[in-house]
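Labels below follow one simple rule: chain letters A, B, ... track the order of the sequence lines, proteins then strands, and each chain is numbered from 1.
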Amino acid sequence: MSMHNGDGKMRVITYRDAIREALLEEMKRDNTVFLLGEDIGRCWEGAFKVTKGLAEEFGDERVRDTPISESAIIGTAVGAAITGMKPIAEIMFGDLTTLAMDQIANQAAKIHYMFGAQAKVPLVIRTPFGGGVNIAAHHSQSLEAWFMHIPGLLVAVPSTAYDAKGLLKTAIQGSNPIIFCEHKLLYPTEGPVPEEDYTIPLGIADIKNEGEDLTIVATMFMVHKALNAARMLKKEGLGIEVVDPRTLVPLDKKTIIDSVKKTGRLVIAAEDCKTAGVTAEIAAMVAEEAIDYLDAPIRRVAEPDTPIPFSPPLEKYVIPDERRIIKTIREII
Amino acid sequence: MSMHNGDGKMRVITYRDAIREALLEEMKRDNTVFLLGEDIGRCWEGAFKVTKGLAEEFGDERVRDTPISESAIIGTAVGAAITGMKPIAEIMFGDLTTLAMDQIANQAAKIHYMFGAQAKVPLVIRTPFGGGVNIAAHHSQSLEAWFMHIPGLLVAVPSTAYDAKGLLKTAIQGSNPIIFCEHKLLYPTEGPVPEEDYTIPLGIADIKNEGEDLTIVATMFMVHKALNAARMLKKEGLGIEVVDPRTLVPLDKKTIIDSVKKTGRLVIAAEDCKTAGVTAEIAAMVAEEAIDYLDAPIRRVAEPDTPIPFSPPLEKYVIPDERRIIKTIREII
Amino acid sequence: MEKGKIIELYRKMLEIRLFEEKVFELYGQNIVPGTIHLYIGEEAIAAGVCSNLRKDDYIVSTHRGHGHCIAKGARLDMTMAEILGKKTGYCRGKGGSMHIADFSVGMLGATAVVGAGIPIATGAGLSIKLRGTDQVVACFFGDGAANQGTFHEGINLAAVWKLPVVFICENNLYAMGTCQSQVMLIKDIAERATAYGIPGVSVNGNDAIAVYETAEKAIKHARHGNGPSLIECKTYRHKGHSRFDPATYRPKEEVEEWLKKDPIQNLKRQLLEKGYLLNAGMAQIEREVNDIIEKAAQFAIDSPYPPPEEALENVYA
Amino acid sequence: MEKGKIIELYRKMLEIRLFEEKVFELYGQNIVPGTIHLYIGEEAIAAGVCSNLRKDDYIVSTHRGHGHCIAKGARLDMTMAEILGKKTGYCRGKGGSMHIADFSVGMLGATAVVGAGIPIATGAGLSIKLRGTDQVVACFFGDGAANQGTFHEGINLAAVWKLPVVFICENNLYAMGTCQSQVMLIKDIAERATAYGIPGVSVNGNDAIAVYETAEKAIKHARHGNGPSLIECKTYRHKGHSRFDPATYRPKEEVEEWLKKDPIQNLKRQLLEKGYLLNAGMAQIEREVNDIIEKAAQFAIDSPYPPPEEALENVYA
Ligand SMILES: Cc1ncc(C[n+]2csc(CCOP(=O)(O)OP(=O)(O)O)c2C)c(N)n1
Ligand SMILES: Cc1ncc(C[n+]2csc(CCOP(=O)(O)OP(=O)(O)O)c2C)c(N)n1
Ligand SMILES: [Mg+2]
Ligand SMILES: [Mg+2]
């Protein structure tokens, strides 16, 4: 884990609380910031309780419960964003961004460009992705790759409480639409977070573990599985470098390539379906820009191309885990 | 151009007519096949006139004009498909699939799996992608990569009249949901098409030009630009092999890899935005499975990550052309 | 409504109630994976509507779908097995509670995407029209779903094409923690039928006979080629929205008032008053229902999980 | 409506008409890239509505948006330049006819996705409410757009939150080749307001004064914090849907009848009858308008295209 640069104190808090703190601090700092989404208000406080206490703190006008109208949630946020506000929209499950794809891809992401830079769209879309809690095909997907493919949109994929808070604050302070991808299983995970104010710039990868023998680029919950794998392999004397891009757009190609130059071996691990997923872009980028430094084929660890099944043994089988990471590493080392 | 295997006569017809013939023949063969979409009926006959004459031939019940309700178009098609019909839904512009992404990705593609194979979803979604006619950011995108990333969905990307007809007939006769991607600029292009009945299996790439020195995997309209580039480079004595996958799901990895084994050099050309696009998956696949055969970095020719601008010189600048293909080839040869 | 039918209706409702209570009990034992949306309190709707349907008619269901399954005639054991993620479940464990289906009885599936079933029901209606049969589709969805774009697009299309679909809005006043008045200005969702030029009616969703009779009319209307209707059934869920929801956002008095309106107690009272059933008959039905539910639960519990590699099957047909 | 205002209204409508005729002429000369959706025949709506708006009020527009731009006060030269794809256009050539915007006069942009502007207008209304100003949003869209999910979701949300948005449905009876009766069973789209609990009214969209007065009421209603309304303006496009559409799907008699109801001839007649303007005054206005349009066209024609590399700019702010 990279250390915070400031010299302020750290506390250990959850990823969930880190996100909530970012919302809270930015709403205090800037009264054009407001939240909208389904059941984020005082009755429910978010399906994952991320907005706990915020309606009490800021009132129902700034923490707005909406109807079940995903398209209108994003469309409304776009309209507010281009007229001076800074909306933060929550889509309750990442799978439901499908209902708002026109507003996300065609409106939010393109307005600044299409209108010749007359308007800015400072819009944050928060949504949880990922499987592992047995809620099946409509509530477990990881769709980050779709959003990487939309020019004009930024994509954040924090894996720790520290990264989540710092990146979210940057996102809120920014001027561009950004999809802020959270992971259901990360919410309760804990990590050190500074007491003082801080932000993390977009597009700076974090080397979560240093190593000389192989590079794993991992995102979201897979970062932790990669770190576990790295720990296990360390016992065998293998040094695995775990690179967490933290944002997919912009992507910190340099850190990834530098790591590959050092280790000569690359595994990419993400939880989404393999074909045309997050791992594809990173593999392609390296095959284009750093192939000569590779001493072995690139390997991808991802979900097989199936919907997420419900039954626990089935779900466990498709979501990549430490064993698959280690098995994959052994294939090329 | 690969030749048709039968010994029947060929005629030269347009890509548009080839698609129309496939629709016509399959509607004749199977009366559960029907069409629905905006303005596909007798008043307009499709925004690109693909359904010309079909309402006259089969009546308004089987060639159904719909309201401007993309989500209901696909949802309705799904409901019909799981109850014994074979709908072919047209989405007037590929950019508007964004409005139906839940029905496409979460319903059509997942129903067979989620319900434990109780239901089949024999649904064809036809839609035109691509730029080049100055209709800007909301009518010019190429979003094939999104669909590749949806397990349960098939993806066809025909580049010629011959491929379009043969693949569409296979798609209609099949039992799975498939997105049949057409390209606006291909509609008027002509090519030989057999008079007799034929189909083309999914997942079989076509080597559109043989060569020893470099492989270009190209899709849709880029196939033709790649062929032009190959012709120009032939004069310099360079043999460029142009591989057209014809379907992205399933993807004919073997033909691609065999070509790379032969040439040792790979350029991938598609019209969509580069990041996390079609070219990413193909590059990643080769970097995983055939990296040792490469004598040079993989190169991708794709749109830069921008929305499609309106003004002709701007649009021309972002859509990859022969010059960019040749320039890219020279970088690695 | 004749006596025999009412008793059947009662039995169906009881089946749903006791099934759901069993699910509740099992998840107390931690053997139900994921989340669960219980239908307790809303039984009169599924049972009242589906009692009008033939086996070859269709229904389209929601995340709160166990009651719909049972009312349409799905087997209790295979339903329970699916909810437990077992290989013997309707979807071989791939779907679970939120994605259950039984095509053999015309139950075209639940979807966990709120409102997504509406155009699918329209499509089933279109299929009926094109195939020229006289089947009917009943499409269930909640008050929350009535604010989805698919409600608008799906119902409009069914209206324009005069399709045999009955749209049934189960208005339990809440969508998760959000009460209806927070998200729409109208009181009766049935009013939205006006926008599509089709009949719309609100009915007491806790009165099984009223639901039955209202649905009967709409289903006949549809079966005779007169197109869709919208029926709003006012009801209430007795439990929280899902597994861990204590539902503290609902005023106590409101909850109490509605618990008094329990649809099963309602119908039971009527049956006893009319002398259609005596206490002994009641008790017997309860015993019988209890019995098949115990068996279903045991079947589900005893069934194996699917082998992990099955996760890779059935992506394509 | 007072005399001066009516004359202004007339001038605005004429500006739109002659602008569109110029566009038509220019694309005959093959210097308008892409497709074009002309507003000819519908001028009374944009002009009638926007005459009630302040400069700091907002509008949201559609693929048929030139009239909205001009009515809200956008410059003719920069509008024409955008349509021609020139660097001097409002969007530096990046947007074109279907994606034009002038934020300096509160024209928040056209979208080429039918219906997509509706929730965006709701969002502008929310922004007004949160910022506590007394601005108003007018949101234009077509009859076809009224069948999009966004219509339902966007208007409902504006209703629930009582936002200052006036939804204006320009019902020109057709969406491309599809006539209204093919895609909805109701005659008056204004009826759909009922579904959201807001006022809905249908008005003759070819009568500029009627549009003005109806919009005036709705805009005041919104400005005073009483929430949104839906106004349906019945109208007709004189030309085809887009560039190459001969519009043969429309019955001849229908076309002829509507051509007689030309909104500009209508208002001209009234102005002459009331003696507000004499023939000479009319002619002078026409000359003046013609003049600025010629200048605008010349400006656009003379302007350079953007340098190609600008395609890569402005993806992010
Ligand atoms: C489109 C969509 N948005 C949000 C959710 C999350 N969610 C699941 S159930 C539910 C509430 C549904 O309310 P309603 O339609 O009234 O049905 P009820 O649960 O009351 O039966 C929500 C918001 C979802 N599954 N789908
Ligand atoms: C969502 C969507 N579907 C389809 C289209 C293609 N299209 C462009 S304009 C149009 C008709 C729109 O009709 P209407 O809303 O009545 O506006 P009008 O053109 O009559 O002014 C259609 C179908 C589109 N741009 N967006
Ligand atoms: Mg509800
Ligand atoms: Mg219209």
B/Ser71 side, atom OG; C/His152 side, atom NE2 - distance, nearest 0.5 Å: 11.5 Å

Sidechain-backbone polar pair: C/Arg131 side chain, B/Thr83 backbone, donor-acceptor under 3.5 Å: yes

Under 4.5 Å from a heavy atom of chain B, the part of C/Thr122 involved: both

Residue pair C/His99, B/Lys110: steps toward the side-chain contact (heavy atoms from CB on, under 4.5 Å) verdict: CA-CA 10 Å; C/His99 309 282; B/Lys110 294 188 173 56; over 6 Å; no

Residue pair C/Asn156 / B/Pro67: nearest heavy atoms and the distance that separates them: ND2-CG, 3.9 Å

Chain C interface, residue from B/Leu99, B/Thr76, B/Asn106, B/Asn31 that has the most non-hydrogen pairs under 4.5 Å: B/Thr76

Interface moiety of C/Leu126 toward chain B, non-hydrogen atoms closer than 4.5 Å: side chain

C/Leu130 side, atom CG; B/Glu61 side, atom CD - distance, nearest 0.5 Å: 6.0 Å

Spacing of CD belonging to B/Gln107 relative to OG1 belonging to C/Thr150, to within rounding of 0.5 Å: 9.5 Å

Heavy-atom donor-acceptor pair, B/Asn176 side chain to C/Tyr316 backbone, under 3.5 Å: no

Residue, of B/Thr66, B/Ile111, B/Leu153, that accumulates the most heavy atom pairs under 4.5 Å with chain C: B/Leu153

Segment of C/Ala110 engaging chain B (4.5 angstrom heavy-atom cut-off): backbone

Which atoms of C/Asp102 approach chain B - backbone, side chain, both or neither, heavy atom under 4.5 Å: both

Neighbour count above 12 (heavy atom, 6.0 Å) for C/Arg75 CZ: no

B/Lys49, NZ atom: more than 12 neighbouring heavy atoms under 6.0 Å: yes

Derivation and outcome, side-chain contact (heavy atoms from CB on, under 4.5 Å), residues B/Gln103 and C/Ile120: CA-CA 9 Å; B/Gln103 291 293 338; C/Ile120 294 177; 3.7 Å; yes

Contact origin within C/Glu313 toward chain B - heavy atom pairs under 4.5 Å: backbone

Interface moiety of C/Ala116 toward chain B, non-hydrogen atoms closer than 4.5 Å: both

Inter-residue atom distance C/Arg92.CZ - B/Met114.CE, 0.5 Å rounding: 14.5 Å

Cationic tip of C/Lys94 above B/Phe115 ring, under 6.0 Å, 45° of axis: no

Chain B interface, residue from C/Gly89, C/Ala121, C/Ala101 that has the most non-hydrogen pairs under 4.5 Å: C/Ala101

Engaged part of C/Ile100 at the chain B interface, taking heavy atoms whose separation is under 4.5 Å: backbone

Distance, nearest 0.5 Å, that separates SG of C/Cys91 from CD of B/Gln118: 5.0 Å

